[in-house]
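Please read the structure below before turning to the comments.
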Amino acid sequence: MTVTHSTTAPERFVVITGGPGSGRSALIERLAQAGFARTQEAGRGVIQAQRAVGGRALPWADRGLFAEAVRAVGAPGGF
């Protein structure tokens, strides 16, 4: 796969969707390697952080706490 982009093009936002195992993460990583800006999906970041510390703010453990954590990601001094 070849990914190219213009540094003079107007700023655009793209949403990438797809089912489990469809290659979203691989595509996003490849685009980032090609120089495109990216953000991490909030839920994925919360899951990674919670798993690293043995936390309970996980969608399969405590949906309410998980939802609060995802909302807090965008707040000043967030999660």
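Basis for what follows: all heavy atoms, side chains included, without hydrogens, waters or symmetry-related copies.
- Note that CZ of R30 and CD1 of I28 are 14.5 Å apart. Values are rounded to the nearest 0.5 Å.
- A donor-acceptor pair under 3.5 Å links the side-chain atoms of R24 to the main chain of G19, judged by distance alone.
- Distance CG/D62 to CD/E68: 8.0 Å, rounded to 0.5 Å.
- Across every non-hydrogen atom of R56 and A61, the tightest pair is NH2-O, 3.3 Å.
- Side-chain heavy atoms closer than 4.5 Å link hydrophobic residues (I, L, V, M, F, W, Y) into clusters, and following such links, even through other members, never connects W60 to L65.
- In plain terms, the two heavy atoms of A42 and V70 that are nearest each other are CB-CG1, 3.9 Å.
- Taking each heavy atom of L58 and F66 in turn, the nearest pair found is C-CB, 3.8 Å.
- Separation of atoms CZ (R38) and CG (L27) is listed at 10.5 Å; rounding is to 0.5 Å.
- Contact record, Q50 with A57: OE1-N, 3.0 Å, taken as the closest heavy-atom pair.
- Put simply, the side chain of V14 does not reach to within 4.5 Å of the side chain of L31, judged on heavy atoms.
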